[in-house]
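Working notes, beginning with the structure itself.
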Amino acid sequence: MRIPGYANSILHIDLKRNKIRKARIPPEVVRNYIGGAGFCSYYLYHMLEKGIEPLSPENILMFATGPFTGTLWPQGSRYTVACKSPLTDGWGEAHSAGFWGANLKYAGFDGIIIMGAAEKPVYIVIDDTNIEIKDAAHLWGKTVEETEDAIKKEHGREFSVASIGPAGENLVKFAAIMNDLDRAAARCGVGAVMGSKNVKAIAVYGTKPVEIYDRKNYLEAIREFHEKMANDPLTPGRIKYGTTALVDLMNEIGRFPTYNCRTGYYPEANKINGDAINEKYLIKARADFACTQRCARYTQVKDGKYRCISGGPEYETLSALGSRCGNSNLEAILYANYLCNNLGMDTISAGGTISWAMECFELGLIDEKDTGGIALRWGNHEAICELLKMIAYRRGFGDILAEGSYRAARKIGRGTEKYVMHVKKMEIAGQDGRAQKSMGLGMAVAPRGADHLYAFPVLDEAGFVEKIKEVYGEQYLPEIADRLSPKYKGYMIFVNENFSTVVESVGACKYGTMVPPALFYPEVIKALKLTTGMNYTRSELERVGERIVNLNRLFNIREGFSRKDDMLPERYLKEPMPDGAAKGQIVELDYMLNDYYALRDWDKNGIPRERKIRELGLESEWEMLHNA
Amino acid sequence: MPLYVDPMACTGCKICQTVCSFVKEGKIWPAVARVEIVREKNGKDYVNACRNCKNPKCMEACIYEAIKFIDDQVQINMMVCTGCGACVRACPFNAIKIHPVYKKAVKCDFCGRCVEFCPPGVLKMR
């Protein structure tokens, strides 16, 4: 049976045997995992062997859209990429928007599973159902922009391209997959896995229709959702600033990582904030497919050595390559952002790794002999830009940094390990947990490592009391709305993760669903019914989220993870915040972790209890874990 | 009347294109939409749809007289159209296509439904 809203097919590409096959998705998988992140969680848990080397042909790279991807759901542009992460050696996933996911569905596929590795560089062209694996010798070595240009020139400008840059080719542990030039599936080193498979790009163009279950009521519901988004009080700011608005907000609450997360307050934040960008560099606000919010920036540095045009920067980039490196040269940040996009690297891990090296240099733990003569002082923006290129091409000191800060510190030693700001070997994003306890817990327990998006707790950031009442219930006030209180934050992360994984599975954006929930469970349930015909109650949908969270946990347990890995850097646990609005704060992780595990029905070691496994219908996955 | 958008104000979201396909086809099917958004690398986003030319090349090219002015609007009569594609080739703006299923020429008929859904409200009918 064909389910509306879906393409009802997954493309399996086996690069070793050079075989392509299309397979339907079992109905119970659709029902239990919905799509996107859910599909990836299901397929990869089942298909990947325990303990494989992430950059070996045994790893699998999966792309998946959800039922809302490519439809008129506001912000229905998202897709998920997943694999075993070469950065964390555990569950790896990244998400992106743009037009690629929509095109994949129009071509007739909900997802792509790539197995094995090609002997020589290849790229994959999906022109509707016509699929070709082509020689990419002429593309290898090219930047993201050059790659897209060359593919579009050869195959047509209507193609949407997801590709890796030199960073992915050179197996940089935090290489990204870039689509539509500047949209990034950035984290976990998914680009390195694509590079290890010798796949330079996947170009997709689809011209087929997506069926809608309830044609009569669909457009009216879409109009209602659009209105909800338009009337959302955060929408005007999102249009004007995109995520760059967060620079001021985070600095104000002392949560803006500065000097490798020594502090959460950056005195020069006003030089790199949304207004500074809008004043001189913003070309326009641009939207991804079906997006009403247009948070994406499109910016240009007109002249000088940092001349560039690119998408972004996002808040995360301004933090990672700006405040975190003590760098307030905005033109340099824009250029560094352009470099990361074009070389195909995660700006967060790149900035996190460089800022770690800077702190070590400032402390005298490394010196010019290590860096090849580069004075890695705070704010040395020329060094930042130079290092980004050295990382992508693995030149000199860049070769060590290309392994990420955790591995680089292990290699160098000399006490540099203490300054690695990571969770599960992944660099912490622009969120200091000391200034917002829920964020501290969220990134400690997220399966892909220091991840602010898996739970994305945002309602306590600025105390959205009304929304908090709606989502969590009045009985948890006032503590739950207090970002500095650890109380009820286990519950907050529990609720958020369940919904957030559903959001990533239907193919929706977290803006509007999580921040703040203008489109929450009722709207998702309604849209699922109208789009696909599938009926879910709220508790059934919550159960889908819980199932995915638990399956991601099982994946990591299979790889040897446990409570010891749900850990934050010592700095967050023991060094009180030195200044700013959160002065004196640390993260009370153990308290929140116990709270969270109890709600999840996991034992003290973070392992799900069997009754929870049964409740979620994960018995066979549980058995696989014990037979692994 | 024809669609117009300031390429610097259009966000390139393609909601107009997708709504068009749903209104005309009852499906999400941007490839057959009568309006199309073209995104350029320089940041400009253009709308492409029938411009309602004063001296339409398509009308000139149609030997079946399926294309006529109705209330000053260029319209295609589906009952008469044979899907020969002469108008598609004649249109200098690439604004007509042959429907992949019905094999008839389709283009913007100025219904204006897409305009209602433009999030920044910048898509206009002139």
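Numbers restart at 1 for each chain; the letters A, B, ... are given by sequence-line order, proteins then strands.
Between T207(A) and W29(B) the shortest heavy-atom distance is O-NE1, 2.6 Å. Minimum heavy-atom separation, C13(B) to F99(A): O-CE2, 4.4 Å. Across every non-hydrogen atom of N42(B) and Y298(A), the tightest pair is C-CE2, 3.8 Å.
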Please report the C-alpha distance between R113(B) and L219(A) in whole Å, then the side-chain angles of each, then the deciding distance to 0.1 Å, and finally whether the side chain to side chain contact (heavy atoms under 4.5 Å, CB included) criterion is met. CA-CA 11 Å; R113(B) 293 300 302 277; L219(A) 212 51; 3.6 Å; yes
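With a 6.0 Å radius and a threshold of 12 heavy atoms from other residues, nucleotides or ligands, K44(B) has its NZ atom at or below the threshold. The environment of F69(B) atom CZ is dense: over 12 non-hydrogen atoms of other residues, nucleotides or ligands sit within 6.0 angstrom. Shown here is F110(B), whose CZ atom has more than 12 heavy atoms of other residues, nucleotides or ligands within 6.0 Å. R307(A) CZ: 12 or fewer foreign heavy atoms inside a 6.0 Å radius.
Proximity of a side-chain donor or acceptor of R215(A) to a complementary backbone N or O of G26(B) within less than 3.5 Å is detected.
Considering only heavy-atom pairs separated by less than 4.5 Å from chain B, the leading option among G70(A), A102(A), G5(A), A287(A) is A287(A). Chain B forms the most heavy-atom pairs under 4.5 Å with one residue out of M229(A), Q293(A), K105(A), E145(A), and that residue is E145(A). Ranked by heavy-atom pairs shorter than 4.5 Å toward chain B, the options C291(A), G76(A), P74(A) are led by C291(A). When the candidates I212(A), V210(A), I283(A), I239(A) are compared by the number of heavy-atom contacts under 4.5 Å with chain B, V210(A) comes out ahead. Counting heavy-atom pairs under 4.5 Å between each of G12(B), A31(B), P30(B) and chain A puts P30(B) at the top.
Of the two parts of F289(A), the backbone and the side chain both hold a non-hydrogen atom closer than 4.5 Å to a non-hydrogen atom of chain B. V19(B) touches chain A through backbone and side chain together, each having a heavy atom under 4.5 Å away. In this structure, the portions of R39(B) lying under 4.5 Å from any heavy atom of chain A include both its backbone and its side chain. Residue D149(A) touches chain B through its side chain alone, counting heavy-atom pairs closer than 4.5 Å. Only the side chain of R294(A) comes within less than 4.5 Å of a heavy atom in chain B; its backbone stays farther off. In this structure, the portion of E25(B) lying under 4.5 Å from any heavy atom of chain A is its backbone and not its side chain. Contacts between K216(A) and chain B at a heavy-atom distance below 4.5 Å are absent for every atom of the residue. Neither the backbone nor the side chain of P100(B) comes within less than 4.5 Å of any heavy atom in chain A. Contacts of A230(A) with chain B are absent, with no heavy-atom separation under 4.5 Å from either backbone or side chain. Contacts of L181(A) with chain B are made by side-chain atoms alone, with heavy-atom separations under 4.5 Å and no backbone atom involved. Proximity to chain B (any heavy atom under 4.5 Å) is shown, for E148(A), by neither the backbone nor the side chain.
Taking the six-membered ring for Trp and thresholds of 30 and 60 degrees, F117(B) and H226(A) have ring planes more than 60 degrees apart, a perpendicular arrangement.
Look at E40(B) and R157(A) and you find a salt bridge, because one of the NZ, NE, NH1 or NH2 atoms lies within 4.0 Å of a carboxylate O, short of that distance. Ion pair D45(B)/K284(A) flagged as a salt bridge, since at least one NZ, NE, NH1 or NH2 atom sits closer than 4.0 Å to an Asp/Glu carboxylate oxygen.
Rounding to the nearest 0.5 Å places OG1 of T69(A) at 12.0 Å from CD1 of I28(B). A distance of 9.0 Å separates CD in E36(B) from CD in E158(A), rounded to the nearest 0.5 Å.
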